[in-house]
Amino acid sequence: MSNSTQKTAAEARAELKTVAQTPGAPKPDAILVVDNVVRDFGGNRAVDVDHLEVQRGVITALIGPNGAGKTTFFNLITGFDQPSSAKKAFGGPSADKAAKWSFNGKLLGNTAAASVAKSGMVRTFQLTKALSRLTVMQNMLLGAKDQRGESFLAAFVKPLWAAQEKANIAKAEDLLKRFKLYEKKEDLAGSLSGGQKKLLEMARALMSDPVMIMLDEPMAGVNPALTQSLLGHIQSLRDEGTTVLFVEHDMHMVRHISDWVVVMAEGRVVAEGPADTVMSDQAVIDAYLGAHHDTDLGDDSLLEEGAMDAPKKEKK
Ligand SMILES: Nc1ncnc2c1ncn2[C@@H]1O[C@H](COP(=O)(O)OP(=O)(O)OP(=O)(O)O)[C@@H](O)[C@H]1O
């Protein structure tokens with residue numbers, strides 16, 4: 001969250017005006033810097049990112065056709081998967097070709113997912129991971145950091161964790177109200193609709209006050225009536241100082257809230273820039289649309305046709 005020494009979101013956005021609109025362009029205040037991240041599945045190179053920087057304090061969208069490698073890229077940098085280009089004790093790529101990435105000034109390669117989350121980079125999943133047999137509130141409390149009851153000594157000293165737990169419950173209630181899930185707090189997470197599970201996952205991710213939140217298709221399955229408020233939540237997170245990186249197929253959402261758009265195709269970053277510029281870039285149109293060259297991305301008729309989804313490559 002922001003403090004007086006941090007830039008405002010408007011200042012962070014204004015800085016983007018100076019950034020070159022080329023793949024891998026350096027950012028004035030990069031929170032995430034990625035180099036040489038490659039992931040092969042058999043003979044299929046799913047991710048091949050030479051260099052990418054994400055500006056702190058803004059909303060960046062990561063877009064690209066089905067199978068472009070967006071989710072795999074999220075998995076790699078959050079420690080849920082390992083790059084094929086990872087540095088190895090013996091053999092492996094030379095130091096200048098080995099995968100390396102830093103978040104908020106800290107090197108993160110070979111870091112387990114839980115430690116990545118502790119460093120402030122917290123993600124949600126395309127297919128939600130809410131724990132079905134726990135209540136909505138229990139799911140929320142699992143997302144909290146500083147759970148003092150977890151420490152062996154503190155677990156036996158109630159005053160050490162009781163106050164913390166109370167604060168966590170109050171925070172969870174507040175977030176559940178924001179995401180219109182408060183009435184469901186005692187229900188099992190498994191009983192929620194797909195869209196509600198997505199909202200729960202986002203609310204749970206916010207329990208740890210992330211420095212950067214990474215959302216994998218936050219809009220998929222969310223009722224249109226909630227779409228506007230979800231967009232509002234994401235923008236207010238940014239305005240409060242949280243960096244947002246999200247993968248999304250809904251081009252209206254991308255146009256509406258992104259300060260910067262990064263386009264992936266066949267594992268590579270092929271374009272980046274402000275939404276309007278990127279979406280009229282011929283390489284992007286080609287990557288998405290194949291034959292539909294004249295059609296603007298974000299065009300309603302196109303969305304209805306579902307023409308933006310290139311055929312999905314089969315997962316092995
Ligand atoms: N566990 C896996 N085993 C084998 N291949 C995989 C695996 N995970 C992903 N892939 C392949 O890697 C490529 C990139 O997939 P990924 O899911 O990252 O794309 P994406 O851009 O997120 O697509 P979508 O928008 O459809 O979610 C695809 O060809 C996919 O089949």
Side-chain angles (χ1 to χ4, degrees), residues 46-47 59-78 80-81 122-132 136 139-140 143 175-176 178-181 184 189-206 210 212-238 242 244-258 260-265 275 278-279 284 287-289 297-315:
V47 170
I59 300 176
T60 301
L62 181 60
I63 67 167
N66 290 132
K70 306 175 298 289
T71 297
T72 306
F73 180 70
F74 261 33
N75 291 344
L76 291 167
I77 58 174
T78 50
F80 285 88
D81 191 8
V122 175
R123 68 171 294 184
T124 66
F125 289 84
Q126 196 178 112
L127 299 173
T128 54
K129 296 215 183 284
L131 298 169
S132 311
V136 167
N139 267 277
M140 290 294 284
L175 282 165
L176 290 174
R178 259 205 201 193
F179 285 88
K180 309 262 186 305
L181 288 171
K184 305 258 173 205
S191 73
L192 298 179
S193 71
Q196 286 170 327
K197 282 184 190 149
K198 287 225 103 122
L199 296 173
L200 171 59
E201 202 172 66
M202 189 162 152
R204 183 174 59 181
L206 295 176
M212 177 163 100
I213 186 161
M214 299 171 59
L215 306 169
D216 199 347
E217 297 198 25
M219 286 300 160
V222 175
N223 181 328
L226 275 180
T227 306
Q228 206 54 39
S229 65
L230 191 55
L231 292 179
H233 292 321
I234 296 174
Q235 281 170 316
S236 29
L237 280 176
R238 185 256 334 259
T242 309
V244 181
L245 178 64
F246 74 104
V247 169
E248 186 54 64
H249 283 289
D250 181 335
M251 290 301 142
H252 292 279
M253 171 182 180
V254 171
R255 278 184 190 273
H256 189 68
I257 65 165
S258 315
W260 195 257
V261 177
V262 173
V263 188
M264 279 182 80
V278 154
M279 286 177 196
V284 176
Y288 261 105
L289 303 174
L297 289 169
D299 179 85
D300 279 330
S301 61
L302 185 67
L303 283 175
E304 279 155 24
E305 284 169 30
M308 291 197 314
D309 291 347
K312 191 166 177 97
K313 291 185 202 161
E314 219 173 280
K315 295 200 184 193

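Everything numeric in this text was worked out from a predicted model, so none of it was measured. Just the heavy atoms: all of them, side chains too, but no hydrogens, waters or symmetry mates, feed the values below.
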Looking only at heavy atoms, what is the nearest atom pair of [X] and [Y], with distance?
X      : Y      : answer
Leu175 : Ala203 : CD1-O, 3.6 Å
Val136 : Lys184 : CG2-O, 3.3 Å
Gly64  : Lys70  : O-NZ, 2.8 Å

The test is side-chain contact (heavy atoms from CB on, under 4.5 Å); show your working for Met202 and Ile234 and say whether it passes. CA-CA 10 Å; Met202 189 162 152; Ile234 296 174; 3.4 Å; yes

Excluding sequence neighbours, so at least two apart, what forms side chain to side chain contact (heavy atoms under 4.5 Å, CB included) with Ala61?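 For Ala61 the side chain to side chain contact (heavy atoms under 4.5 Å, CB included) partners, ignoring immediate neighbours, are Ile63, Phe246, Val254, Ser258, Val261.
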
Go through Lys180 and Gln196 one step at a time and tell me if the side-chain contact (heavy atoms from CB on, under 4.5 Å) criterion holds. CA-CA 9 Å; Lys180 309 262 186 305; Gln196 286 170 327; over 6 Å; no

Trace of the side-chain contact (heavy atoms from CB on, under 4.5 Å) decision for Val122 with Met212: CA-CA 6 Å; Val122 175; Met212 177 163 100; over 6 Å; no

Can you check whether Val263 reaches Met279 side chain to side chain, under 4.5 Å on heavy atoms?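 A side-chain contact under 4.5 Å is absent here.
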
Report yes if some heavy atom in the side chain of Leu215 is under 4.5 Å from a heavy atom in the side chain of Val247; otherwise report no.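 No. Closest side-chain heavy atoms not under 4.5 Å.
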
Going by the side chain to side chain contact (heavy atoms under 4.5 Å, CB included) test, name the single residue among Thr124, Asp216, Val222 that passes it with Lys198.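 Filter result, single survivor: Val222.
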
Taking ring-ring contact (aromatic ring centres under 6.0 Å, His included) as the definition, give me every residue that meets it alongside Phe179, ordered by chain and number, with sequence neighbours left out.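 Only His233 meet the ring-ring contact (aromatic ring centres under 6.0 Å, His included) criterion with Phe179.
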
Walk me through it: do Arg123 and Asn75 pass the test side-chain contact (heavy atoms from CB on, under 4.5 Å)? CA-CA 9 Å; Arg123 68 171 294 184; Asn75 291 344; 2.6 Å; yes

To the nearest 0.5 Å, how far apart are CG in Leu200 and CG in Asn139?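 The CG atom of Asn139 is 5.0 Å from CG of Leu200, to the nearest 0.5 Å.
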
How far does CG of Leu176 sit from CG of Leu199, to the nearest 0.5 angstrom?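 Reported value, rounded in 0.5 Å steps: 10.5 Å.
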
Is it true that a side-chain atom of Glu248 and a backbone atom of Met219 form a donor plus acceptor pair closer than 3.5 Å?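 Yes, Glu248 side chain to Met219 backbone: donor-acceptor pair under 3.5 Å.
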
